[in-house]
Amino acid sequence: KVRALAFSNTPSPVLFAGVASDDTSSSGSLWWSSDTGHAWTEVHMPSRTAIHSIAAGALGELYVGTYSGVYSLQSPAGNATLIRADTFSYSPSCVFVNKAGYVISNGHGMMFRSTDQGSHWQDTVLLKDTVCSIAESPNGALIATAMHGNVYLSHDSGRSWLASPSHLGNAALLCCMFSKSGVAFAGSDGQGLWRSDDGGMSWRNIDLGGIPDQFTVTPSGTAYAVLKNNFIYSLSSDHTHWSYYASGSSAVALPAWGDS
């Protein structure tokens, strides 16, 4: 199933989709589309490893979090290069790049940051938690959502992290995002969608009628929530409510993303 989506608008608009065959498998693939998802081409990866997260940099570079490490890619037609696995021998579940170009990743309870596109990495903090997703607010603050309802906050581009005073139940917080106005959303496995109007300090639950599996935001700022029941919801232009947009099974013709 599709585990990650990302848009890159440099040098031209491209949609990337990362696939994992299931929640526990290490098998998967990476795909890209230049026509809003109607036709897809597979990206050459050194191995068919499961894709758990994708982050697009401001210069058009792509970072991919997989079971075997973090990869970088300079163009969809290029070859993926492993930039973090030999130094840290574990599997990151997420990777993120902020507006300053810093690459942030996690593994085995640690958070790591690179200020030079992955050439060197610094361990920033031991969270003793599994981070599932990272998002950046319009003012540059970061939130990281994790297993067991935990949310972490950073106000220095990922150099340090503090736990939010709010605990969102015991469900895994699979994905998070900020709207253009600074409203934060977190999707949980089992407890629906959560909203924060104060940068992640406090949260309230919203019922979308399903479990958000991932968020994606287009270069123009339109936000979509992809639910486990294959429904897609879009965020209103005033960022106050979500509404049904389409069914993922009929919105576009997707390729047969499998292991072969």
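Just so it is clear, the values below take in all heavy atoms, side chains as well, and ignore hydrogens, waters and symmetry mates.
- With values rounded to the nearest 0.5 angstrom, Ser105 atom OG is found 8.0 Å from Phe112 atom CZ.
- To the nearest 0.5 Å, the span separating CG on Asn106 from OG1 on Thr130 amounts to 7.5 Å.
- Looking at every heavy atom in both residues, Ala17 comes nearest to Trp40 through CB-CZ3, 3.7 Å.
- Residues Ser8 and Ala56 come closest through the heavy atom pair CB-CB, 3.9 Å.
- At a threshold of 4.5 Å between non-hydrogen side-chain atoms, the residues Pro165 and Met201 count as touching.
- With sequence neighbours excluded, no residue forms a side chain to side chain donor-acceptor pair (under 3.5 Å) with Ser119.
- Pairing each heavy atom of Ser157 with each of Ser154, the nearest pair is N-OG, 4.0 Å.
- Donor-acceptor pairing under 3.5 Å is recorded for the side chains of Asn150 and His167.
- Of the possible polar contacts, none joining the Trp203 side chain to the Ala186 backbone as a donor-acceptor pair under 3.5 Å is found.
- Checked by atom type and distance alone, the side chain of Ser133 pairs as donor or acceptor with a backbone atom of Cys176 at under 3.5 Å.
- No single ILVMFWY cluster, assembled from side-chain heavy atoms under 4.5 Å apart, contains both Tyr102 and Phe96.
- In this view, Thr41 and Trp32 satisfy the side chain to side chain contact (heavy atoms under 4.5 Å, CB included) rule, not counting sequence neighbours.
- The salt bridge (charged side-chain N to carboxylate O under 4.0 Å, His left out) check on Glu61 picks up nothing, with sequence neighbours excluded.
- Distance check, rounded to the nearest 0.5 Å: CD1 of Ile54 to CG of Leu73 gives 10.0 Å.
- Rounding to the nearest 0.5 angstrom, the gap separating the CG atom in Leu30 from the CG atom in Leu62 is 6.5 Å.
- A side-chain donor-acceptor contact under 3.5 Å links Thr145 to the backbone of Leu173.
- Across all their heavy atoms, Ala184 and Ile143 have their closest contact at CB-CD1, 4.1 Å.
- Under the 3.5 Å distance criterion, with hydrogens and angles disregarded, a donor-acceptor pair is assigned to the side chains of Ser29 and Trp31.
- Residues Tyr71 and Pro46 meet the side-chain proximity criterion, which asks for heavy atoms closer than 4.5 Å.
- Checking side-chain atoms of Ser164 against main-chain N and O of Gly200 turns up a donor-acceptor pair under 3.5 Å.
- Listed by chain and number, the residues in a side chain to side chain contact (heavy atoms under 4.5 Å, CB included) with His120 are Asp116 (sequence neighbours excluded).
- Between Ile104 and Val95, the closest side-chain pair of non-hydrogen atoms is not below 4.5 Å.
- For Ala58, the side chain to side chain contact (heavy atoms under 4.5 Å, CB included) test picks out no residue, with sequence neighbours left out.
- For the side chain to side chain contact (heavy atoms under 4.5 Å, CB included) test, residues two or more places apart in sequence or in another chain that qualify with Thr124 are Met111, Arg113, Trp161.
- For the atom pair Asn139 CG and His155 NE2, the distance stands at 8.0 Å (nearest 0.5 Å).
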Applying side-chain contact (heavy atoms from CB on, under 4.5 Å) to Ile51 and Phe16, what does each step give before you reach the verdict? CA-CA 11 Å; Ile51 309 299; Phe16 291 91; over 6 Å; no
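- For the pair Ser196 and Ser202, the tightest heavy-atom approach, listed with the atom from each and the gap, is OG-O, 2.8 Å.
- The distance from the CZ atom of Arg195 to the OG atom of Ser179 is 7.0 Å, given to the nearest 0.5 Å.
- Of all the heavy atoms in Pro138 and Ser181, the pair that sits closest is CG-C, 4.4 Å.
- Criterion: ILVMFWY side-chain heavy atoms under 4.5 Å apart, direct or through other members. Under it, Leu82 and Val64 are part of a common hydrophobic cluster.
- A 4.5 Å side-chain heavy-atom check between Ile83 and Val70 finds at least one atom pair inside the cut-off.
- In terms of modelled atom types and a separation under 3.5 Å, the side chain of Ser72 and the main chain of Tyr63 share no donor-acceptor contact.
- Residues Met110 and Met147 do not share a hydrophobic cluster, defined by chaining ILVMFWY side chains whose heavy atoms lie under 4.5 Å apart.
- The shortest side-chain heavy-atom distance between Val103 and Trp121 falls under the 4.5 Å cut-off.
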